[in-house]
Protein chains: 2
Amino acid sequence: MKSKSSYGIRSIDVARLAGVSRSAVSRAFTEGAYIADETREKVLKASEQLGYSPNAIARGLITRRSRMVGVVVADLSNPFYAGVLEATCLKLQQHGLAPLLLSCRHSQDLDSLIPQLLAYQVDGVLIAASTLSSTIATQCARAGRPVVLINRYVSYDAVSAVTCDNVGGGRAVADRLVAGGHRRIAFLAGLEDTSSSRDREKGFVGRLGELGIALHARDVGNYAYEGATAAVRRLLSKRPRPDAIFCANDTMAIAAIDVARNEFGLELPRDLSIAGYDNIDAASWQGYDLTSVDQNLDRMVATAIDLLLRLRDDPGSRPQHVQVPARLEVRGSTRAVPPAKSVRRLTKLRGAGGSRAA
Amino acid sequence: MKSKSSYGIRSIDVARLAGVSRSAVSRAFTEGAYIADETREKVLKASEQLGYSPNAIARGLITRRSRMVGVVVADLSNPFYAGVLEATCLKLQQHGLAPLLLSCRHSQDLDSLIPQLLAYQVDGVLIAASTLSSTIATQCARAGRPVVLINRYVSYDAVSAVTCDNVGGGRAVADRLVAGGHRRIAFLAGLEDTSSSRDREKGFVGRLGELGIALHARDVGNYAYEGATAAVRRLLSKRPRPDAIFCANDTMAIAAIDVARNEFGLELPRDLSIAGYDNIDAASWQGYDLTSVDQNLDRMVATAIDLLLRLRDDPGSRPQHVQVPARLEVRGSTRAVPPAKSVRRLTKLRGAGGSRAA
DNA sequence: CTGAAAGCGCTTACAG
DNA sequence: CTGAAAGCGCTTACAG
């Protein structure tokens, strides 16, 4: 009538039903354990019958492996980070790991929340956030938990990082814009203190320089729609007006397109070319048709998780910074070649489609 | 040299340093425990010194409260669900709970993944997914874990649900479109087998009926940009052509706007009014300026978590279905009043701004 | 290949 | 208000 635990089948229950010891039950659920096929069958059958599966919490306590990974994501309203998170979940599942999530808009919160994550004995921490305070790294290092950053790196060498080749991505955009005949080229930065924005700018400006072109204008949009709206108003009010803008992410590029069309009556890519970064879903919407650098999310995430597991399992492994290649997804918001003639201001109609290149 | 555990400070370490028992250490970290202020101070000081915080895994094992909540989200590429997840994380944190995440695109996966979640002894499961197989509810019920659905309900009465007043939201859109003088009104459904799409349609069509208007056309877009693109092509090819479309979510409404403008040369809201549902970020972008029903995410999530905790803590509480009110966010994609004259096809320019109402 | 026993780090009646 | 002891559900050397 009055059982010790009202529900919850324990290994001892299965053991009794199968007529074996708790050790045998445990072994039946342990990959590669030394157990007779016949015994395992018996245990699995009894487990099925009772609806048993091992208590992961208890297992974690004894094995000192929680099989949970802390995942920190800054801003889920940014589709890029939502994509990172989705890819991370899928990949972790494939490794039999579960993501313990920490999402926060303000990075200052993070410092006080990381200890909570560590209290759950996560096997490691994956951080996908463009900004990051230094204490986080320290906290994790002190707890002996490997940390891998995604989309950002820091100089503390206790922390691994996986990033896209942001310099290369910036260079590719420069090549595309210059090929389209643009000469008054602007850059719209994300957050100034992020490695991602800095590297994209470095690659972009560097390549423009190699091609003999100086940056025409520069502003900051903080990776946000609102910030970019204000910045692009300033950029497009400049005389002579820029004829191309590279935005450090797609959300800002979309804001740029909206402002260019609705407030300045410009047509893309005739009057203005715009390119972004991240290749989010909205970049492929008809209304924007945005040329953008694809970060190869799946590969970044897979690399980060491999790194994390190696740091956890292989005592000889050292933290490192890995880059995955960037790929330019060319769409209609940038032109492939200079316009044949200088027929401007004929109409305000949107150039449906624009030129597509491979 | 060779300590039992290379890192990880245990309560016994703190106890020794503070000159108290492990019980005292435990009490110092337990809200409302019976302990002298002075003793607590000593323990906290020693803990700080050693960098100790209680092992949540071990605590969970003994208290039978993991303080983790399973969170299942279907499709993070949908900004609405990304928003749900972000709000959920924030709210759980405030309750001292941690979200164990399960994201999967295909709901069939879910059936095999829920047991994994339950193996971690989550205190309950929050499911934000428009589709959901029935076995999930059964699995959780069998394990005695409360389940609360967000944005969907099912008929199994073991499962609680929090939804927006989708019927009311649909009705509000009907009122707005009819006030704008529209008479050939279409509905674009999401996924046919979801309660959200069905209820929005029910409210919408029901209110139109009350106003003496029959639905002019109907199609299905599966809540996706691509699906909606194809459906809207069909809808707008119909003669007479619809003059307003209510789309069951914003992503589809955005696709509708893109197709209407770029493929049919229509201007909003003069030639066509479009309304959506969810009020995602992109709805407020200049390029769309989309009238949309706001689901009041924060309130839905807060309600769901309150419900979950009550189900966990109060043995007398029963599963229930709670609705939160919907609110129409009026923007320029729908007009406030019928057009003064029937001046059509004058220009293909986009109506910058459109009429804004409170 | 198997089982008895020890122990992971904590909390909580219980007796004082 | 405090501490000694039992126990949460599991895994894993160890001896057989």
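Numbered from 1 within each chain, the chains take letters A, B, ... in sequence-line order. Values in this document were obtained by computation on a predicted structure and should not be read as measured data.
Within the 4.5 Å cutoff, the side chain of A:T30 has heavy atoms near those of the A:R59 side chain. Residues A:R145 and A:V69 form no side-chain contact, since every pair of their non-hydrogen atoms from C-beta on lies 4.5 Å or further apart. Side-chain contact between A:V125 and A:L102: absent, with no pair of heavy atoms (C-beta onward) separated by less than 4.5 Å. Counting heavy atoms from C-beta outward, B:D306 and B:H95 have side chains that approach closer than 4.5 Å. Side-chain contact check for B:L101 versus B:P99: every heavy-atom pair is 4.5 Å or farther apart.
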Please tabulate, for side-chain N and O atoms in residues 307-319 of chain B, each donor-acceptor pair with protein atoms closer than 3.5 Å (sequence neighbours left out).
from	atom 1	to	atom 2	distance (Å)
B:R312	NH1	B:D123	OD2	2.8
B:D313	OD1	B:R65	NH1	3.2
B:D314	OD1	B:G316	N	2.9
B:S317	OG	B:R310	O	3.1
B:S317	OG	B:D314	O	2.7

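For the segment residues 31-48 of chain A, residues with any heavy atom less than 4.0 angstrom from an atom of DNA chain C are, sorted by number, A:Y34, A:I35, A:A36, A:T39.
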Taking Watson-Crick and G-U wobble contacts under 3.5 angstrom, with | marking pairs to another strand and [ ] crossing pairs, the secondary structure of DNA chain D is written |||.||||||||.|||

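Going from the C1' atom of C:dT12 to that of C:dG16 covers 16 Å, rounded to whole Å.
Atom CZ of A:R67 and atom P of D:dG9 are 21 Å apart (whole Å). Across the protein-nucleic acid pair, A:Q121 atom CD and C:dC8 atom P stand 14 Å apart, rounded to whole Å.
Side chain of A:S160 to backbone of A:Q320: a donor-acceptor contact under 3.5 angstrom is found.
Here salt bridge (Lys or Arg N to Asp or Glu O under 4.0 Å) pairs that include residues 75-97 of chain A, with residues two or more places apart or in two chains, are A:D75-A:R105, A:E86-B:R105. Residue pairs meeting the salt bridge (Lys or Arg N to Asp or Glu O under 4.0 Å) criterion with at least one partner in residues 30-57 of chain B, sequence neighbours excluded, do not occur; the list is empty.
Using the six-membered ring where Trp is involved, A:Y52 and A:F29 have ring planes that are perpendicular, over 60° apart on the 30 and 60° scheme.
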Under a 4.0 Å heavy-atom criterion, the protein footprint on nucleotides 10-16 of chain C, written with B, S and -, is BBBB---

